[in-house]
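Notes for the one structure printed next.
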Amino acid sequence: MSKVLLLSHLKPGEKATVKELSTEGNMRRRLLDIGLIENTEVECLGRSPGGDPSAFLIRGAVIAIRSEDCAGIMLGTC
Amino acid sequence: MGLTNSTMGIKAVDSGLKIKRHTACDQVIALAGNPNVGKSTVFNGLTGMNQHTGNWPGKTVTNAQGYCSGKNHSYVMVDIPGAYSLMAHSAEEEVARNFICFGDPDAVVVVCDATCLERNLNLVLQILEIATKVVVCVNLMDEAKRKKIKIDLDGLSDQLGVPVVAVVARKKKSLSRLMDTLDTVIEGKNKKTPLKIRYPQAIETAIDMIEPLVREKSGNRINSRWLSLKLLDPDPSLIQEIDSYLGEAFLKDAALSSRVQQAIEMLQNRGISTNKIKDMIVSSLVLTAEGISRKTVTYAKETYNNTDRQIDRILTSKWAGYPIMLLLLALVFWLTITGANYPSQIISTVLFWFQDRLTDFFHFLHTPSWLYGMLVLGVYRVLAWVVSVMLPPMAIFFPLFTLLEDAGYLPRVAYNLDRPFKRCSACGKQALTMCMGFGCNAAGIIGCRIIDSPRERLLAILTNNFVPCNGRFPTLIAILMMFFVFTSGSLSSSLLSAVLLTAVIVLGIMVTFAVTKLLSKTVLKGVPSSFTLELPPYRKPQIGPVIVRSIFDRTLFVLTRAMVVAAPAGLVIWLMANIMIGDTSLLSLCATFLDPFAKLLGLDGVILLAFILGLPANEIVVPIIIMAYMAQGSILELDSLTEMKQLFVANGWTWVTAISTMLFSLMHWPCSTTLLTIKKETGSWKWTALAFLIPTVIGLTTCFLFASASRLFI
């Protein structure tokens with residue numbers, strides 16, 4: 001694997017697991033609080049009518065995250 | 001840009017809360033839980049009408065306290081703001097944390113959503129770290145059953161080491177089980193040992209290094225293990241709270257701070273930076289929650305969430321998302337307008353019949369005519385008008401809106417509108433505060449607390465007034481019906497007025513976007529901050545409780561406030577209409593004075609005066625206009641829109657006046673309650689002044705441009 005897959009690359013219907021967060025500060029804590037820690041499975045459910053944010057299924061809850069915030073979440077394939 | 005709460009003039013959060021005990025032996029119970037888990041349904045189910053709503057001191061996150069009794073004890077239930085975590089991200093989470101940590105509740109009840117248990121366990125685990133007397137209340141068991149989710153409640157209780165009670169909040173029986181459990185917990189009869197979260201070895205070692213000293217220095221007033229952990233991962237707002245709770249000496253203690261320093265250095269030597277500590281702590285919580293939920297929750301149906309996903313696919317779809325929002329809005333208005341018509345007429349007939357009886361009574365007593373005029377023609381008539389015009393639409397509009405809220409639709413509105421708001425450097429949650437503004441702008445402004453970024457919160461506060469509140473709806477609807485819907489009473493006419501009203505609202509929304517964008521390019525410069533938004537599961541709304549709640553909590557509240565304002569206003573207006581200077585009344589004198597200026601705006605002096613006198617409450621604008629016109633002669637009885645239109649037309653109204661009045665109603669200064677709320681929320685007169693000026697200037701400009709343009713064409 002050469003290219004890094006980011007959460008923002010995930011298309012509706014696709015699943016992947018979280019590898020690492022590169023976000024810092026407050027947002028990092030919030031993402032962790034949601035449960036986005038290493039090896040967590042995320043599924044992209046869809047996008048808002050404007051194309052952004054996207055909705056993700058994370059640990060049984062549906063959370064909307066904006067694409068630039070998703071760019072700080074690195075994924076591995078599953 | 002580094003805009004902080006203090007530079008933005010938003011006051012920091014404080015803690016203390018006055019608990020009102022009925023008897024000295026009342027036990028204080030904190031009712032905690034994530035947002036959208038039906039916590040308030042549990043609260044209402046437990047306390048019924050026996051509650052008291054107030055504010056957290058110094059701030060306006062509403063706080064409700066209620067009273068209820070188990071078999072052995074009586075309780076004060078304190079409804080804590082919904083929070084996902086105690087590592088405070090927002091004002092509401094901070095309040096929640098402060099009360100659980102420093103409010104010394106006798107026990108904590110954590111309400112969880114059975115359909116989303118794992119996420120809820122994060123908060124449960126954090127509370128278990130601080131409090132020992134905890135009851136976990138798994139709510140929405142009926143929803144879980146429908147989705148074929150099975151929860152092993154005994155297993156969950158074993159894992160957590162505290163009692164777990166399953167609840168269907170609308171069923172009283174399941175709530176009495178909760179009370180029984182609370183009794184045993186309060187009596188210290190929980191036989192199990194509450195779960196202690198195990199952190200990675202290095203952190204455990206660090207905790208061991210400082211905990212004995214922490215216990216000694218803090219006099220064991222807070223859970224020392226939790227406090228030690230927080231000292232390793234300090235959060236400025238929490239440190240401040242610890243300071244005021246334990247006294248400054250605690251954190252300044254030389255021995256303690258050097259020991260903490262040693263522990264942090266020890267961690268650093270092992271390659272664990274301060275940031276890493278935070279990660280490890282949160283990860284441990286998440287993993288523990290995951291482990292517990294794996295052992296106790298089984299999904300009989302893999303696709304248990306499919307219905308929700310399908311609904312989402314429609315309601316948030318690229319093509320249908322926005323149209324559905326508009327259709328729903330129009331539908332709500334249509335139901336409100338159609339439904340309110342008949343009750344309005346009935347109420348007004350009854351109230352004006354009563355006015356005649358009052359008149360007879362006053363004549364019977366030979367009351368002086370000035371007293372009769374003041375009390376009956378002034379105070380009573382305005383009150384009667386406000387009630388008959390406001391009550392029916394509110395009693396329909398509020399429940400309808402609460403139903404949408406209860407079903408889980410409003411977060412989808414925020415989700416759909418986040419993109420356009422982001423273009424204005426704001427966030428989608430502003431849409432939620434606007435929804436609250438439909439009810440009451442002051443409530444919308446309080447609601448802005450859900451926005452974390454202080455800059456974005458101010459944007460939402462300053463623009464909330466462009467959403468017409470319930471006090472302005474009757475004005476808008478009445479004018480629409482009089483001047484733009486020609487045949488009243490038919491289906492097409494009510495549909496047309498709903499569509500027109502929707503168009504007015506859409507205009508307000510457009511202005512909101514424009515002003516938000518303008519502000520974020522000028523005085524509130526900044527980039528949109530990051531945001532996460534939960535889209536909770538859809539739920540079948542509980543129609544009965546929704547109607548009861550929205551009538552008691554919202555309708556009567558807003559109506560009472562309007563009446564409190566309207567009564568003295570009625571008096572003032574009557575006085576103004578009857579105090580003669582020379583041979584003209586004070587009222588017409590003021591109106592004449594304002595007239596030239598008002599004419600420029602497409603209004604007349606009376607209308608502008610009505611808006612000025614309507615500062616305490618927008619509801620009284622139309623009554624003032626009517627009173628002023630009637631005081632100047634012509635008609636004396638007024639019981640239908642047709643007669644009202646005759647009165648208005650006789651006083652020079654045209655469709656230009658009608659549109660100008662609607663525009664000005666949509667865009668003018670906020671009412672005094674809203675202004676005071678803005679002052680309270682921002683803690684700054686500067687922002688309050690701006691909140692007054694922005695809509696006023698925009699309204700004046702728009703009306704002026706519209707009136708000038710119309711003159712060109714007529």
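Hydrogens, waters and symmetry mates play no part in the numbers below; they use all other heavy atoms, side chains included.
Remark: side-chain polar atoms of A:S22 are paired, donor with acceptor, to backbone N or O of A:G72 under 3.5 angstrom. With A:R28 contributing its side chain and A:L21 its backbone, the two residues share a donor-acceptor pair below 3.5 Å. Side chain of B:Y415 to main chain of A:A55: a donor-acceptor pair is present (N/O by atom type, distance under 3.5 Å, no hydrogens or angles). Judged by distance alone, the side chain of B:S520 and the main-chain N or O of B:K517 form a donor-acceptor pair under 3.5 Å. At distances below 3.5 Å, not a single donor-acceptor pair connects side-chain atoms of B:S284 with backbone N or O atoms of B:Y199. With hydrogens and angles disregarded, no donor-acceptor distance shorter than 3.5 Å links the side chain of B:E118 to the backbone of B:S293.
Only the side chain of B:N275 comes within contact range of chain A, with at least one heavy atom under 4.5 Å from a heavy atom of that chain. For A:E38, no part lies near chain B; criterion is any non-hydrogen pair under 4.5 Å. Using a 4.5 Å cut-off between heavy atoms, A:D52 contacts chain B through both its backbone and its side chain. Heavy-atom distances place both the backbone and the side chain of B:N416 under 4.5 Å from chain A. When heavy atoms are compared at a cutoff of 4.5 Å, B:S317 approaches chain A solely by way of its backbone atoms N, CA, C and O. For a residue to count as touching a neighbouring chain, one of its non-hydrogen atoms must lie under 4.5 Å from one of that chain's; by this rule A:I58 does not touch chain B. For a residue to count as touching a neighbouring chain, one of its non-hydrogen atoms must lie under 4.5 Å from one of that chain's; by this rule A:I63 touches chain B with backbone and side chain alike.
For chain A, the option among B:N122, B:N305, B:L117 with the highest count of heavy-atom pairs below 4.5 Å is B:N122. When each of B:D308, B:D279, B:L285 is checked for heavy-atom pairs under 4.5 Å with chain A, B:D279 comes out on top. Among B:K422, B:K278, B:R309, B:R423, the residue with the largest count of heavy-atom pairs under 4.5 Å with chain A is B:K422. Heavy-atom pairs under 4.5 Å with chain B were tallied for A:R30, A:M27, A:E24; the largest tally goes to A:R30.
One side chain, A:R47 or A:S54, offers a donor N or O that lies under 3.5 Å from an acceptor on the other.
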- request: Show the numbers, then the answer: is there a side chain to side chain contact (heavy atoms under 4.5 Å, CB included) between B:C424 and B:Q430?
  value: CA-CA 11 Å; B:C424 311; B:Q430 191 168 335; over 6 Å; no
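Contact residues of residues 320-329 of chain B toward chain A are B:G321, B:Y322 (heavy-atom distance under 4.5 Å).
For A:E20, there are no salt bridge (Lys or Arg N to Asp or Glu O under 4.0 Å) partners at least two apart in sequence or on another chain. With sequence neighbours left out, B:R539 forms a salt bridge (Lys or Arg N to Asp or Glu O under 4.0 Å) with B:D113. Every residue meeting the salt bridge (Lys or Arg N to Asp or Glu O under 4.0 Å) condition with B:E534, not counting sequence neighbours, appears here in chain and number order: B:R119.
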